[in-house]
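We use all heavy atoms of the structure for the numbers below, so side chains are in, but hydrogens, waters and symmetry mates are not. Letters go in sequence order (proteins before strands), and every chain restarts at 1.
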Protein chains: 2
Amino acid sequence: MASLQFKIKATDAFSKARAGTILTDHGSIETPIFMPVGTVGSVKAVTQQQLKEQVRAEIILGNTYHLYLRPGLPVLEAAGGLHRFNGWNKPILTDSGGFQVFSLAKSRKINEEGVIFRSHIDGSKHLFTPEKAIDIQRSIGADIMMAFDECPPGASAYEYAKSSMLLTHRWLDRCFNQFNNTPDKYGYTQNLFPIVQGGIHHDLRKASCEYISAKAAAGNAIGGLSVGEPIETMYEICNLCCDHLPVNKPRYLMGVGTPWNILECIGMGIDMFDCVMPTRNGRNAMLFTSRGIINIDNKKWEHDFSVLDDGIDCETSQYYSKAYVRHLFKSKEYLGLIIASIHNLAFYLWLVKQARLHIEQGDFVSWKSGMISRLQQRL
Amino acid sequence: MASLQFKIKATDAFSKARAGTILTDHGSIETPIFMPVGTVGSVKAVTQQQLKEQVRAEIILGNTYHLYLRPGLPVLEAAGGLHRFNGWNKPILTDSGGFQVFSLAKSRKINEEGVIFRSHIDGSKHLFTPEKAIDIQRSIGADIMMAFDECPPGASAYEYAKSSMLLTHRWLDRCFNQFNNTPDKYGYTQNLFPIVQGGIHHDLRKASCEYISAKAAAGNAIGGLSVGEPIETMYEICNLCCDHLPVNKPRYLMGVGTPWNILECIGMGIDMFDCVMPTRNGRNAMLFTSRGIINIDNKKWEHDFSVLDDGIDCETSQYYSKAYVRHLFKSKEYLGLIIASIHNLAFYLWLVKQARLHIEQGDFVSWKSGMISRLQQRL
């Protein structure tokens, strides 16, 4: 079936930002977009109804490594894929499992064939290959699947980064081969995005972009950033990659980042983002708001009965007071982290929607610089 | 201002069950009713919106002991009471703090004046007296406040139960004295319910009912049950108390119980219930459903893609599959306990609503006996 379509609706005259729409068989996605992370098929502490009505998520992520281990493919296939299993009927993107294998699994061994690793849950032994990563993602039923890549540490030396990139490129060929030789599993179109690697080395990144671009995929991703390198380096590499990836395809910056990281990278031409920061930091009492950062645990909010954030269009954010949510965190109540997770995700979705509106309005750059200094304030 | 009103709409011809309406300044409550427990001002793992729309709760509980310690009265008073603090604008009932002081606080000492205890949070020393229990509940802003009582262990010997009951009665006089000499704190009517004590001793319970009834309160509660005594004893005492408490006032059985306990006690003339069981057991993977009990952790649900419970009118219960919720519990995802808490509470509210309908229809007793054997089945 036809790949997903990407239509650019507006491009900013003063930056490389663009506003567009991605059309998938599970509905459309307005870009730039932030994608909440639903590691094991659940965005932590948020119901599917809240994701739609409060957060206004348009697409969520699932993690291949986690879903493969638990509930496992027999359950997911019997359910008819992850959408049916978890009741999320909008688009789903899955990572390839590569990143988690390198960060979570035990005693992993990489060779040309793939990666042998042991489950962090029960120690059982598994092999992921590019072909298997595609098969698993087909079974999960992702609308957007990611190529299986090696993700080296942020500051890897040139030679290591180069050989890792070349391995990723060889794996990419095998991914596309498997992708092109297997049917969509559940009747709707599944797409495959390749991933640029190359560490912090400009010529490697450029070469990787060219290799990836030649695949003429439905969209392209930038991996291996926000993994320990300085933030200026991240911006530099992201910017360079955007210049060497196709203009007419969505660009996905994996695992990034803070609200201001996202705004800066939108300005470079990134269309899609994911990050665990809004939910993870939310569970640790850190709230991102339209006026700046709140540590809701802090005593200063004890008597502040104003709502969490009256600047964003989320019922939860406009319903509960800072004093109440602080009380919930001090009392270690589940409701505290539920509210914080919903709010932070809704804030991220609000932010990318605002970015989109300002791209369309033509004042994205000036809006962005004011917004970035506002958002970084500690309240 | 005028006390809450209780209007009996239907009485069952074959049992002592009745269906009624309690009118408060925060809205009406259809009885028999189950009241979710919101210990520190939050029903664990459930948002206020879900409580209204999914659970269909009509009144919730707050715990005086917990709220007094945290967030504390200065915060609650500055907020304008618990309703404004937690955003729950329907009725709230608070316990008197007595039960928690006896079960949670450290190094408590009881004397005629009241109870001196140390906070389980920071070890700080506090004194609760009948007068103070009323003052605190006024500040919390409960629509229904409870008298300060001593709650002796379930199997207390006669002499201990008797002297404890007599102390509770003397405290009750002081509670009503304080209640009658203090104004409603926030403009709406606050009511005080006395509590029957007397352990498992019939003559003490009867004497306590008579003492309590003489207060002509807006409603009456039965305390000191479901605290370790055999279930048949609980039923026996509950039944006896119902026979000796006013017919035209709501009767509240504190801290009870399982779904079948609730149905049996409705048949004896109880109108109001509260219990942590639906939320606590839910967090431990035990689901009460309209077809019986499910341990959702169990492997037998791994491939069961039917919804949690299609027999009750709750969107959450009819949305997520058993296999998905099992997966969430196995993966220790917050969403598992969120769904289980919402479902179990919605089930309890559904159950008392069904009881009400069958009381009105006149077939409560036959419906109850079929339902009780169904609900106790382990699926």
Side-chain angles (χ1 to χ4, degrees), chain A residues 38-51 53-54 66-67 69-72 74-80 82 84-89 121 279 283 301-305 307 315-316 318-321 323-339 341-342, chain B residues 38-51 53-54 66-67 69-72 74-80 82 84-89 121 279 283 301-305 307 315-316 318-321 323-339 341-342:
Chain A
T39 309
V40 301
S42 150
V43 174
K44 287 195 194 304
V46 182
T47 69
Q48 275 66 318
Q49 191 187 27
Q50 288 164 337
L51 266 183
E53 296 173 8
Q54 305 274 327
H66 288 282
L67 290 164
L69 293 178
R70 201 165 48 192
V75 170
L76 287 168
E77 287 175 352
L82 181 57
R84 284 173 182 266
F85 185 60
N86 73 357
W88 175 257
N89 57 14
I121 299 170
T279 40
R283 293 197 302 277
W301 310 113
E302 188 175 21
H303 281 79
D304 189 328
F305 301 108
V307 299
E315 196 183 326
T316 296
Q318 297 208 11
Y319 192 81
Y320 297 102
S321 71
Y324 180 58
V325 179
R326 174 183 188 269
H327 163 64
L328 295 175
F329 269 94
K330 297 309 278 185
S331 302
K332 299 188 172 34
E333 283 288 305
Y334 291 113
L335 187 55
L337 54 91
I338 291 169
I339 292 171
S341 299
I342 294 171
Chain B
T39 309
V40 301
S42 150
V43 175
K44 287 194 194 304
V46 182
T47 69
Q48 275 66 318
Q49 191 188 27
Q50 288 164 337
L51 267 183
E53 295 172 9
Q54 305 274 327
H66 287 282
L67 290 164
L69 292 177
R70 201 164 49 191
V75 170
L76 287 168
E77 288 175 352
L82 181 58
R84 284 175 182 265
F85 185 60
N86 73 357
W88 175 257
N89 57 14
I121 299 170
T279 41
R283 293 197 302 277
W301 310 113
E302 189 175 21
H303 281 79
D304 189 328
F305 301 109
V307 299
E315 196 183 327
T316 296
Q318 298 208 11
Y319 192 81
Y320 298 102
S321 71
Y324 180 58
V325 178
R326 174 183 188 269
H327 163 64
L328 295 175
F329 270 94
K330 297 309 278 185
S331 302
K332 299 188 172 36
E333 283 288 305
Y334 291 113
L335 187 55
L337 54 91
I338 292 169
I339 292 171
S341 299
I342 294 172

**Asked** If every non-hydrogen atom of A:H303 is compared with every non-hydrogen atom of B:A78, which pair is closest and at what distance?
**Response** CD2-CB, 3.8 Å
**Request:** Please determine which of B:V40, B:L76, B:V75 meets the side chain to side chain contact (heavy atoms under 4.5 Å, CB included) test together with A:H327.
**Result:** B:V40
**Prompt:** Side chain, backbone, both or neither: which part of A:Y320 has a heavy atom under 4.5 Å from chain B?
**Reply:** side chain
**Asked** Any side-chain heavy atom of A:L335 sitting closer than 4.5 Å to one from B:T47?
**Response** yes
**Request:** Go through the atoms of A:I121 and report whether side chain, backbone, both or neither lie under 4.5 Å from a heavy atom of chain B.
**Result:** neither
**Prompt:** Between B:Y334 and A:Y334, what is the ring plane arrangement, given parallel below 30°, perpendicular above 60°, and tilted in between?
**Reply:** perpendicular
**Asked** With a 4.5 angstrom heavy-atom cut-off, which part of B:E315 approaches chain A: side chain, backbone, both or neither?
**Response** side chain
**Request:** Write down the atom of B:Y324, the atom of A:S42, and the distance for their closest heavy-atom approach.
**Result:** OH-CB, 3.5 Å
**Prompt:** At a heavy-atom separation under 4.5 Å, does B:Q49 approach chain A through its side chain, its backbone, both, or neither?
**Reply:** both
**Asked** Who wins among B:G80, B:G87, B:P74 for the most heavy-atom pairs under 4.5 Å with chain A?
**Response** B:G87
**Request:** Measure distances from B:V325 to the heavy atoms of chain A and classify the residue's part below 4.5 Å as side chain, backbone, both or neither.
**Result:** neither
**Request:** Output the option from B:G336, B:G41, B:A45, B:S331 having the highest count of non-hydrogen pairs under 4.5 Å with chain A.
**Result:** B:S331
**Pairwise distance CG(A:N86) to OH(B:Y319) - rounded to 0.5 angstrom** = 8.0 Å
**Prompt:** So which heavy atom on A:F85 is nearest to which on B:S321, and how close?
**Reply:** O-OG, 4.2 Å
**Prompt:** Which bit of A:E77 is near chain B, if near means a heavy-atom gap under 4.5 Å: side chain, backbone, both or neither?
**Reply:** neither
**Complete:** If one checks every heavy atom of B:Q54 against chain A at 4.5 Å, the contacting part turns out to be side chain
**Asked** Just wondering, do A:P71 and B:K330 contact through their side chains at under 4.5 Å, heavy atoms?
**Response** no
**chain B contact via A:Q50 - which portion, at a heavy-atom distance below 4.5 Å** = side chain
**Prompt:** Can you say whether A:E333 sits under 4.5 Å from chain B via the side chain, the backbone, both, or neither, judging by heavy atoms?
**Reply:** side chain
**Request:** Would you mind telling me which of A:S341, A:G72, A:A79 has the largest number of heavy-atom pairs within less than 4.5 Å of chain B?
**Result:** A:A79
